[in-house]
There are 2 protein chains.
Amino acid sequence: MGHTRWLNDEEKRAWTAFTTAHALLYRRLEQRLKRDFGLSGLQYEIMARLSGAPDREMRMAELAGALVNSKSGLTYQIGQMEKSGLVRRRSCPSDDRAVFAVLTDEGMALLERAAPGHVETVRELLFDVLTPGQVRALADGLGEAARRMAEGPGATRAADDGSGCSGVGAEATADLGA
Amino acid sequence: MGHTRWLNDEEKRAWTAFTTAHALLYRRLEQRLKRDFGLSGLQYEIMARLSGAPDREMRMAELAGALVNSKSGLTYQIGQMEKSGLVRRRSCPSDDRAVFAVLTDEGMALLERAAPGHVETVRELLFDVLTPGQVRALADGLGEAARRMAEGPGATRAADDGSGCSGVGAEATADLGA
DNA sequence: GTAGATTGATTCAAATTTGAACGCTAGATG
DNA sequence: CATCTAGCGTTCAAATTTGAATCAATCTAC
């Protein structure tokens, strides 16, 4: 392997902008969610994902894959949210291994209260700053990068077996600003 | 406050692409760093930042601000890295409150070994996928967003007093792919 | 100068995250 | 059918992160 292809100045700018913007934005969103609704960012994302899925439910592994989170971490958070009544577990009749996380009515209600402010913040801090062309570049460029990383080698398999328990095709983008 | 300005389809695509690409990429980078060098992502970033600063040192608060991390979290990590000899603390003669984190020669050497693979991964998974126009859009659009969030209201102050202890202007972008 | 307010960093307990086992079931192979 | 492999979710201990105190030192206004 020859010489490293270092980043040029514009790539360095892009890289720091990417990581810094993400960190700052995510931090703001978390602060707001915690302060106003006692929710963590992950909890919001879980609810947003579930809200967009058929019957408002997803299998644990599928959900973990969609959120890019570890399985054990998801188990923990679903446990917390179950205590709070935001989510409920349901086991799958046809496959005793599978567990579904289901968004409760209470969870849905909280999500609907939290979503407006959340989305508004994303808009103010991100989309109001970007030109339409830049929005498209994000969607296209980063979308393609994400797709390749999700499939390509090294991806933590989330193997989508089309088992009889239903199951969503991976691309369910929630309406409530997942 | 009237109605919520929800995200349109392209904005939703951009938002999920942004968050998902970041999560996937960051996870890959962390796995690689941990496996090959026993480093966490944060530790790498700390070293990369320090390596680009004058005298390879920064004040704790300044560093925390640059990394978008809590002060207490940084205290912990610097403690860990000090044990490993990657970093060393130095107190400021003219201000007894201030503490500098200094990258040691050993730390610098490790960074130089880790950087090529790190940067190469970023290139493969991100920049090789993006068009030059998309790179520019990231740099410009997200750069502007980051700038506003860093300054605008709600920013966790990192007040840059130009005290006699030296101190870097906030924008030191490290060469080693911070 | 001195009280009072601010800033810099650390400490501490609680919450969360991580990754490697573990137990269990479904599906494949013989 | 018996066994073997692989997938799913959980558990567990260790590591990390968080945020609210805390302690000390600087700066401000009297």
Side-chain angles (χ1 to χ4, degrees), chain A residues 23 26-27 30-31 33-35 38-46 57-65 67-84 87 89-101 156-165 167, chain B residues 23 26-27 30-35 38-46 57-84 87 89-101 156-165 167:
Chain A
Y26 205 76
R27 161 192 286 243
E30 286 220 298
Q31 284 177 345
L33 286 170
K34 180 68 79 185
R35 172 167 58 81
L39 289 171
S40 72
L42 180 54
Q43 291 175 331
Y44 182 90
E45 288 182 83
I46 288 171
E57 65 180 15
M58 281 196 229
R59 295 175 55 149
M60 296 294 285
E62 184 189 6
L63 191 49
L67 298 169
V68 194
N69 250 292
S70 68
K71 284 183 302 178
S72 61
L74 184 61
T75 293
Y76 173 78
Q77 272 301 345
I78 291 292
Q80 296 301 103
M81 295 173 73
E82 206 170 19
K83 286 183 200 162
S84 319
V87 146
R89 279 179 224 253
R90 176 174 86 72
S91 53
C92 175
S94 66
D95 185 345
D96 283 339
R97 293 172 304 180
V99 172
F100 281 87
T156 306
R157 277 280 158 264
D160 188 23
D161 62 13
S163 78
C165 271
Chain B
Y26 205 77
R27 161 192 286 244
E30 286 221 298
Q31 283 176 347
R32 191 189 178 81
L33 285 171
K34 179 69 78 185
R35 172 168 59 79
L39 289 172
S40 72
L42 179 54
Q43 290 174 331
Y44 181 90
E45 289 182 83
I46 288 171
E57 65 181 15
M58 280 196 230
R59 294 172 57 150
M60 297 294 284
E62 183 189 7
L63 191 49
L67 299 169
V68 194
N69 250 296
S70 67
K71 284 183 303 177
S72 61
L74 184 61
T75 294
Y76 173 78
Q77 272 302 345
I78 291 292
Q80 295 301 102
M81 297 173 72
E82 205 170 20
K83 286 184 198 163
S84 318
V87 145
R89 279 179 225 252
R90 176 174 86 75
S91 54
C92 176
S94 67
D95 185 345
D96 283 338
R97 293 171 306 178
V99 172
F100 281 87
T156 306
R157 276 277 158 268
D160 188 22
D161 61 12
S163 79
C165 270

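The basis for the numbers below is simple: all heavy atoms, side chains too, and nothing from hydrogens, waters or symmetry mates. Please read all numbers here as calculations on a predicted model, not as lab measurements. Below, chains carry the letters A, B, ... as their sequence lines are ordered, and counting in each starts from 1.
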[X] has an atom [atom1]; how far is it from atom [atom2] of [N], in whole Å?
| X | N | atom1 | atom2 | value |
| --- | --- | --- | --- | --- |
| B/Gln31 | C/dA20 | CD | P | 10 Å |
| A/Glu30 | D/dT18 | CD | P | 8 Å |
| A/Leu42 | C/dA15 | CG | C1' | 13 Å |
| A/Asp95 | C/dG27 | CG | P | 7 Å |
| B/Met81 | D/dT16 | CE | C1' | 14 Å |
| A/Gln80 | C/dA14 | CD | C1' | 12 Å |
| B/Tyr76 | C/dT11 | OH | C1' | 14 Å |
| A/Leu39 | C/dA15 | CG | P | 16 Å |

*If each of A/Lys71 and A/Gln43 is mapped to the nucleotide of DNA chain C with the nearest heavy atom, which maps nearer the 5' terminus, i.e. the 5' end?*
A/Gln43
*asked:* Could you check whether the side chain of A/Thr75 and the base of D/dG9 have a donor-acceptor pair of N or O atoms closer than 3.5 Å, going by distance alone?
replied: no
_C/dG19 base / A/Ser70 side chain donor-acceptor hit below 3.5 Å_ = no
_Among B/Met58, B/Glu57, B/Gln77, exactly one meets side-chain contact (heavy atoms from CB on, under 4.5 Å) together with B/Leu63. Which residue is that?_
B/Met58
*Does a side-chain N or O from A/Gln77 land closer than 4.0 Å to OP1 or OP2 of C/dT17, or not?*
yes
*Is B/Arg27 near enough to C/dT18 that one of its side-chain N or O atoms lies under 4.0 angstrom from OP1 or OP2?*
no
*Quick check: does any side chain N or O of B/Glu30 sit under 3.5 Å from a backbone N or O of B/Arg27, one acting as donor and the other as acceptor?*
no
*Is B/Glu82 reaching over with its side chain to a backbone N or O of B/Arg89, donor-acceptor style, under 3.5 angstrom?*
yes
Given [options], which nucleotide is nearest the side-chain atoms of [X]?
| X | options | answer |
| --- | --- | --- |
| A/Asp96 | D/dT10, C/dT25, C/dA9 | C/dT25 |
| A/Asn69 | C/dG8, C/dA15, C/dT18 | C/dT18 |
| B/Arg97 | C/dA9, D/dA24, D/dG7 | D/dA24 |
| B/Met60 | C/dT25, D/dT10, C/dT10 | C/dT10 |
| B/Ser72 | D/dG9, C/dT11, D/dG7 | C/dT11 |

*A/Arg89 vs B/Ser40, nearer the 5' end of DNA chain D by closest nucleotide*: A/Arg89
*Taking it one step at a time, do B/Ile78 and B/Met60 satisfy side chain to side chain contact (heavy atoms under 4.5 Å, CB included)?*
CA-CA 9 Å; B/Ile78 291 292; B/Met60 297 294 284; 3.8 Å; yes
*asked:* I need the B/Arg32 CZ to B/Arg35 CZ distance, nearest 0.5 Å.
replied: 6.0 Å
